[in-house]
Amino acid sequence: MKILRIVGVLGAAALGLTSCTASSVPAEATAEQAAPEQTPAIDLLPLAALPDYQLGGSYDPGADVQIVVRDRLNPPDPDRYSICYVNGFQTQPTELDFWPANTLLTNEAGPVADPDWPDEVLLDTSTAEKRAQIRAVLEPWIQGCATSGYSAVEFDNLDSYTRSNGALSKTDNMELAVDLVAFAHAQGLAAGQKNAAEDAAELKPQAGFDFAVSEECAAYDECSAYTGVYGDQVIDIEYTDQLPRSFASMCADESAPASMILRDRDLVTPTEDAYHFERCA
């Protein structure tokens, strides 16, 4: 399994220092100089690897699976490249109480929910103060992903501003994304853009995302929006209830990511009748 690795060094000015003799620098100054801060190595996605998307529950994947995505509350797969799911821009259905009231987007009717996921409330990214409060909740979760052994984190609902009736902007969400990616990198985690195909060309260079996780890019003819930006660092999950054509024909598309699978909508475990997992031939 081939994994790309990025190693960064902060404090680039240190790289440009000319040589100094011991006699030209006071001993006490030399002793006080801090070494350049090393950023942890970041492993990128294994190339053309088979993923499994396990947000509905953890289970042992097939032997040929090399990438596993799980919710942050579940442990990573110790034998595979594991991605930690974090809902960075909306609340999770059972976690509304985790959030301070002023981090939730509200209007005259109350909290603003995602119309497609009414048990998820949009986070209010509209000011620097509120973004800082959101980070105060998210950063320990991201750190927990790293501590438990995940290699990467994916941030969902980057496009929440499109569901805010103008209360939030792309710039608001971009500001938060920049900070979340930087924090993830500082923990040694690669950072993934989840969906938001229309913003991929801006999210990668501006926020610094390393890879993308797409849902239904083949069904909506959006895969090239990801692969054109991220190259082979793209995972795609198609769903059995939203197939405009055969999955085999989707796999044959020139723009189809190499890491693409077909799953059941609820992402249930293999013990349930609705479970479906299919790979490209």
Side-chain angles (χ1 to χ4, degrees), residues 6-11 34 36-45 55 68-76 81-106 111 114 120-161 164 168-196 199 202-213:
I6 298 175
V7 180
V9 179
L10 299 178
E37 184 180 349
Q38 300 284 334
T39 60
I42 295 171
D43 291 332
L44 299 182
L45 301 180
L55 298 190
V68 174
V69 184
R70 290 176 177 169
D71 186 83
R72 66 175 182 84
L73 296 176
N74 294 321
Y81 187 98
S82 293
I83 301 173
C84 187
Y85 172 90
V86 172
N87 198 344
F89 293 79
Q90 297 181 182
T91 67
Q92 283 291 83
T94 61
E95 298 180 351
L96 185 61
D97 292 342
F98 290 2
W99 294 94
N102 61 351
T103 64
L104 305 176
L105 184 67
T106 59
D114 184 327
E120 295 189 13
V121 174
L122 276 62
L123 298 178
D124 190 346
T125 62
S126 61
T127 69
E129 180 181 2
K130 290 183 176 183
R131 291 192 294 270
Q133 292 175 316
I134 293 170
R135 293 199 313 272
V137 175
L138 293 176
E139 288 179 356
W141 295 357
I142 299 167
Q143 190 171 36
C145 294
T147 301
S148 63
Y150 280 96
S151 297
V153 58
E154 64 158 303
F155 296 110
D156 200 4
N157 290 304
L158 289 151
D159 60 353
S160 64
Y161 70 92
S164 70
L168 306 175
S169 70
K170 182 192 300 187
T171 300
D172 297 332
N173 281 16
M174 183 71 75
E175 291 284 348
L176 179 57
V178 168
D179 291 335
L180 294 180
V181 170
F183 187 82
H185 285 169
Q187 311 310 307
L189 297 170
Q193 168 189 336
K194 173 71 172 291
N195 292 330
D199 295 334
E202 296 174 77
L203 284 166
K204 179 172 172 54
Q206 293 185 36
F209 283 105
D210 305 297
F211 64 95
V213 176

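Just so we're clear, the structure is a prediction, and the values are computed from it rather than from any experiment.
- The distance from the CG atom of D199 to the CG atom of L158 is 8.0 Å, given to the nearest 0.5 Å.
- Contact detail for V86 and W141: the closest heavy-atom pair is CG1-CE3, 4.4 Å.
- Using a 3.5 Å distance cut-off with no hydrogens or angles, the side chains of N87 and N157 do pair a donor with an acceptor.
- Going from atom CG of L203 over to atom CE of M174 covers 4.5 Å, rounded to the nearest 0.5 Å.
- Using a 4.5 Å heavy-atom cutoff, the side chains of V137 and T103 are not in contact.
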Stepwise, does the side-chain contact (heavy atoms from CB on, under 4.5 Å) test hold for F98 with T91?
CA-CA 9 Å; F98 290 2; T91 67; over 6 Å; no
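- In this model, no donor atom of one side chain and acceptor atom of the other lie less than 3.5 Å apart for S160 and D114.
- Once rounded to the nearest 0.5 Å, the distance linking CD of E120 with CD of Q92 reads 5.5 Å.
- Residues N102 and D124 have side chains not in contact (no heavy-atom distance under 4.5 Å, counting atoms from C-beta outward).
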For side-chain contact (heavy atoms from CB on, under 4.5 Å), just list the numbers for D172 and Y161, CA-CA rounded to whole Å, side-chain angles, deciding distance to a tenth of an Å, and then say yes or no.
CA-CA 8 Å; D172 297 332; Y161 70 92; over 6 Å; no
Could you check V121 against L96 for side-chain contact (heavy atoms from CB on, under 4.5 Å), going step by step and ending with a plain yes or no?
CA-CA 8 Å; V121 174; L96 185 61; 3.9 Å; yes
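- Side-chain contact between Y85 and Y150 is absent, with no heavy-atom pair separated by less than 4.5 Å.
- Side-chain contact between H185 and D210 is present, with at least one heavy-atom pair separated by less than 4.5 Å.
- A donor-acceptor pair is defined here as one N or O able to donate and one able to accept, closer than 3.5 Å; such a pair exists between the side chain of Y81 and the backbone of D43.
- Within the 3.5 Å criterion, the main-chain N or O of Q143 finds a donor-acceptor partner in the side chain of T147.
- The two residues V181 and G208 come nearest to each other via the heavy atoms CG1-O, 3.5 Å.
- In terms of heavy atoms, S148 sits closest to P76 at O-CG, 3.2 Å.
- Nearest heavy atoms, V178 versus A207: CG2-CA, 3.8 Å.
- For the pair F155/V213, no side-chain contact is recorded, criterion being any heavy-atom separation below 4.5 Å from C-beta on.
- Here the OG1 atom belonging to T125 is positioned 12.0 Å from the CZ atom belonging to R135, to the nearest 0.5 angstrom.
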Between C84 and L189, does the side-chain contact (heavy atoms from CB on, under 4.5 Å) criterion hold? Intermediate values first, please.
CA-CA 9 Å; C84 187; L189 297 170; over 6 Å; no
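- Residues L44 and A190 approach most closely at CD2-CB, 4.5 Å, considering heavy atoms.
- In this structure, CG on L123 lies 7.0 Å from CG on L138, to the nearest 0.5 angstrom.
- Contact record, Q193 with A196: NE2-O, 3.0 Å, taken as the closest heavy-atom pair.
- Atoms CG and OG, on L122 and S164 in that order, are 6.5 Å from each other to the nearest 0.5 Å.
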Test salt bridge (Lys or Arg N to Asp or Glu O under 4.0 Å) on R72 and E154 and set out the steps.
CA-CA 10 Å; R72 66 175 182 84; E154 64 158 303; over 6 Å; no
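- Two residues are said to be in side-chain contact when any heavy atoms from C-beta on lie closer than 4.5 Å; E175 and R131 meet this criterion.
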